[in-house]
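This is a predicted model, so every value here is computed, not measured.
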Amino acid sequence: MPYEGMASFAKGIVVDQENQTYTATAMGVQVSDQLGRTRMITPLPDRSSPINIYFGGKNNTTLFAVSGTGIFSRNMVQKGAHSWDSPTRPTKPFHIKP
């Protein structure tokens with residue numbers, strides 16, 4: 001959520017094979033690790049809010065973000081996971097020592 005905001009306006013969520021989540025929010029595409037900690041929020045190039053996101057392309061390694069102004073894509077190292085894929089065992093979560 002934005003600091004002064006009352007809602008995140010999260011609209012679409014996808015997962016990669018390492019169990020990281022990608023969420024379309026009013027601030028951009030939010031990437032969270034396996035434990036739900038936000039790692040980064042990437043705004044769209046035109047600073048619009050994404051309506052939905054999905055993995056696609058060759059080998060399912062392109063992240064697409066749809067907004068009211070267009071469709072944006074980014075090639076990823078991570079491979080997207082679909083609900084119809086066979087289960088995969090994710091890697092052990094990364095813990096940050098205080």
With ring pair (Phe, Tyr, Trp, His ring centres under 6.0 Å) as the rule and sequence neighbours excluded, what pairs involving residues 22-49 come up?
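For residues 22-49, and leaving out neighbouring residues, the ring pair (Phe, Tyr, Trp, His ring centres under 6.0 Å) pairs sorted by first residue read Tyr22-Phe55.
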With clusters defined by side-chain heavy atoms of hydrophobic residues (ILVMFWY) lying less than 4.5 Å apart, directly or transitively, does Met40 cluster with Val14?
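Yes; tracing contacts between hydrophobic side chains, which count when under 4.5 Å, links both residues.
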What residues form a side chain to side chain donor-acceptor pair (under 3.5 Å) with [X], not counting sequence neighbours?
| X | answer |
| --- | --- |
| Glu18 | none |
| Thr23 | none |
| Ser73 | none |
| Thr38 | Gln30 |

Looking at residues at least two apart in the chain, or sitting in another chain, which of them share a side chain to side chain contact (heavy atoms under 4.5 Å, CB included) with [X]?
| X | value |
| --- | --- |
| Lys11 | none |
| Asn19 | Val15, Gln34, Pro90 |
| Thr69 | Asp46, Ser48, Ser67, Phe72 |

Please report the closest heavy-atom contact between Asp16 and Gln78, naming both atoms and the distance.
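That would be OD2-CG, 3.2 Å.
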Of all the heavy-atom pairs spanning Ala65 and Leu44, show the shortest one and how long it is.
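Result for this residue pair: CB-CD2, 3.6 Å.
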All ring pair (Phe, Tyr, Trp, His ring centres under 6.0 Å) counterparts of Tyr54, not counting sequence neighbours:
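Tyr54 satisfies ring pair (Phe, Tyr, Trp, His ring centres under 6.0 Å) with Phe64 once adjacent residues are dropped.
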Nearest 0.5 Å, please: how far is CZ in Arg47 from CE in Met27?
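Interatomic distance, Met27 CE to Arg47 CZ, rounded to 0.5 Å: 10.5 Å.
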Measure the OG1-CE distance between Thr62 and Met76 for me, rounded to the nearest 0.5 Å.
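These two atoms lie 9.5 Å from each other.
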Are any of the side-chain heavy atoms of Leu63 and Asn75 separated by less than 4.5 Å?
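With C-beta onward as the side chain, the pair stays apart.
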For residues Ile53 and Val29, determine if any side-chain heavy atom of one lies less than 4.5 Å from a side-chain heavy atom of the other.
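In contact.
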